[in-house]
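Written out below as structure tokens is the structure these notes cover.
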Amino acid sequence: MMASPRKLKILGIESSCDETSVAILSDEDVKVNLISSQHFHKTYGGVVPELSSRAHLQIIKPLVDSALESANLKINEIDLIAATAGPGLIGALLVGLTFAKGLSYSLNKPFVSVNHIEGHIYSGFLMDKKPEFPMLVLVVSGGHTLLLYVESFTKIFLLGTTVDDAAGEAFDKVSKLLGFGYPGGQQIETSALKGDEKSIKFPIAELKDEYNFSFSGLKTSVLRFVQKNFTNRNIPEIDLNNISASFQKALVDALVQKVNFALQNHKVKSLSLVGGVAANQKLRNELNNLADQFKIPCIIPSLSYCGDNAAMIALRGLQLFKSGVRDSLRAKPYPAIPQNHFLRLSNS
Ligand code: KG4
Ligand code: ZN
């Protein structure tokens, strides 16, 4: 009997914002996915870049050691090292990226730099039931809202994006103005569960560019509603819950409308919802229902793979490695998605 080929052991590192994460994969199987969240940013109402970098620096080495221990591996048994290079906070990225490059150099093991958004895009492949190409992907995170037609592991077409705030950013801003604090998605969702989503009608932006999103008007109308109806932001709990539920409904409706429109115009074999806001149960339910109507599977990562995590970075690193990519130790961090990074598909 032929021995089956040895599985590749991939070490993934993510440090683009306020989560330090280290994962180890054995081929595509996640052996360990450790996530250390920097909760102290809550005090400041948002992520403080300099504090974020310092916290990454303190935790990165112990986290890599813990991950190796949990996976029962020695560092020299790792075959490939993958780290996020961008987009994100430069100082934060620099910590994970430099640490990964240092390991690659000292162990003489290949290194692949990963685009964080591509990590999210293909994160559905971490699940047992994999997406099928071509797939439509909705990326909803704190920094990005993207609707994508994904043809393969290398061909990603951009259909639409937000013209102002990202979906997660809208959750966070409304959360702040309702007094729930930062980050706000989870807190709005909890409050919304106790509210009536039909109690207030917040508007959904009508944009000429059919696949683009806009959320700043929605945020402003929540602000106006609060200013008009309550003095000094003194909002009784019942109203807080109704505002949360009505805001969440408007935002989810806006997302679902565009996905529906894209599914009508593009024949795909699967739908995938990814990114931090994909943790939202209402959005998960509605996209699952929509996919059912189109008779295609909807792949949504489990909660630990929705927010920032290194498992998705290791997996994307493996996909790139298999397609021949090897990065030099000169790879630099970058703050934003490079221009024209995604291909353009005509919106028809
Ligand atoms: O992907 P992610 O962890 O970080 C970025 O790359 O931005 O996304 C974080 C975002 C935050 O804006 C947070 O409020 C939002 O995801 N979020 C949620 C929920 N959980 C996290 N939004 C809505 N509902 C949730 N349950
Ligand atoms: Zn992210």
Side-chain angles (χ1 to χ4, degrees), residues 12-21 23 33 35-39 41-42 45-47 49 52 83-89 92-93 96 114-124 126 137-146 148 161-162 165-178 180-193 195 197 213 215 218-219 244-245 247-256 272-287 300-313 315-316 335-337:
I13 296 181
E14 154 66 32
S15 71
S16 65
C17 190
D18 56 350
E19 258 95 28
T20 320
S21 181
N33 180 42
I35 303 170
S36 167
S37 297
Q38 305 172 353
H39 297 293
H41 294 294
K42 280 187 177 77
V47 178
S52 166
T84 308
L89 304 168
L93 289 162
V114 172
N115 177 299
H116 178 86
I117 301 300
E118 288 182 13
H120 278 302
I121 291 170
Y122 294 103
S123 58
L126 290 165
V137 181
L138 178 66
V139 183
V140 272
S141 73
H144 299 92
T145 303
L146 302 162
L148 305 151
T161 184
T162 178
D165 294 345
E169 194 178 355
F171 268 103
D172 294 338
K173 286 181 175 169
V174 168
S175 168
K176 217 170 179 173
L177 90 89
L178 295 181
F180 294 135
Y182 173 90
Q186 173 75 61
Q187 303 186 67
I188 296 230
E189 177 166 29
T190 308
S191 159
L193 281 174
E197 64 176 24
F213 305 90
F215 298 114
L218 172 59
K219 172 200 63 193
S244 294
F247 158 75
Q248 181 180 263
K249 176 179 164 34
L251 189 138
V252 168
D253 282 356
L255 292 171
V256 173
S272 192
L273 166 69
V274 298
V277 183
N280 187 277
Q281 199 56 53
K282 182 176 164 69
L283 182 57
R284 295 171 84 94
N285 293 344
E286 300 224 350
L287 283 191
I300 311 176
S302 53
L303 294 190
S304 53
Y305 303 139
C306 285
D308 291 345
N309 69 89
M312 68 181 191
I313 301 303
L315 183 67
R316 183 62 187 145
I337 303 175

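Each ligand, and each atom within it, is numbered from 1 in the order the structure gives. All figures in this text were calculated on a predicted structure; none of them were measured in a lab.
Test Ser15, Ser16, Cys17 against His116 for side-chain contact (heavy atoms from CB on, under 4.5 Å) and you get one pass: Ser16. Of the candidates Val140, Leu146, Thr161, Leu255, Phe213 forms a side-chain contact (heavy atoms from CB on, under 4.5 Å) with just one, namely Leu255.
Using a 4.0 Å cut-off between a side-chain N of Lys or Arg and a carboxylate O of Asp or Glu, Glu169 and Lys219 do not qualify as a salt bridge.
Legend: residues meeting side-chain contact (heavy atoms from CB on, under 4.5 Å) with Glu118, ordered by chain and number and at least two apart, are Asn115, Ile156, Arg316, His341. For the ring-ring contact (aromatic ring centres under 6.0 Å, His included) test, no residue two or more places apart in sequence or in another chain qualifies with Phe180.
Nearest heavy-atom pair across Ser37 and Glu19 is OG-OE2, 3.0 Å. Shown here for Pro87 and His144, the closest heavy-atom pair between the two residues is CG-CE1, 3.9 Å.
Distances from the Zn ion (ligand 2) under 2.8 Å pick out these protein N/O/S atoms: His116 NE2, His120 NE2, Asp308 OD1.
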- Item | Test side chain to side chain donor-acceptor pair (under 3.5 Å) applied to Ser191 and Ser244, step by step | CA-CA 6 Å; Ser191 159; Ser244 294; 2.8 Å; yes
- Message: Glu14 vs Asn309, test: side chain to side chain donor-acceptor pair (under 3.5 Å). Steps then yes/no.
- Response: CA-CA 6 Å; Glu14 154 66 32; Asn309 69 89; over 6 Å; no
Which protein N or O atoms sit under 3.5 Å from any N or O of ligand 1? Give each pair with its distance.
| from | atom 1 | to | atom 2 | distance (Å) |
| --- | --- | --- | --- | --- |
| ligand 1 | 1 (O) | His120 | NE2 | 3.4 |
| ligand 1 | 1 (O) | Gly276 | N | 3.0 |
| ligand 1 | 1 (O) | Asp308 | OD1 | 3.2 |
| ligand 1 | 3 (O) | Asp308 | N | 3.2 |
| ligand 1 | 4 (O) | Asp308 | OD1 | 3.3 |
| ligand 1 | 4 (O) | Asp308 | OD2 | 3.1 |
| ligand 1 | 6 (O) | His116 | NE2 | 3.4 |
| ligand 1 | 6 (O) | Asp308 | OD1 | 3.2 |
| ligand 1 | 6 (O) | Asp308 | OD2 | 3.3 |
| ligand 1 | 7 (O) | Gly142 | N | 2.8 |
| ligand 1 | 7 (O) | Gly143 | N | 3.4 |
| ligand 1 | 8 (O) | Gly142 | N | 3.3 |
| ligand 1 | 12 (O) | Gly168 | O | 3.1 |
| ligand 1 | 12 (O) | Asp172 | OD1 | 3.4 |
| ligand 1 | 12 (O) | Asp172 | OD2 | 2.7 |
| ligand 1 | 14 (O) | Asp172 | OD1 | 2.7 |
| ligand 1 | 14 (O) | Gly185 | N | 3.0 |
| ligand 1 | 24 (N) | Asn280 | ND2 | 3.1 |
| ligand 1 | 26 (N) | Glu189 | OE1 | 2.7 |

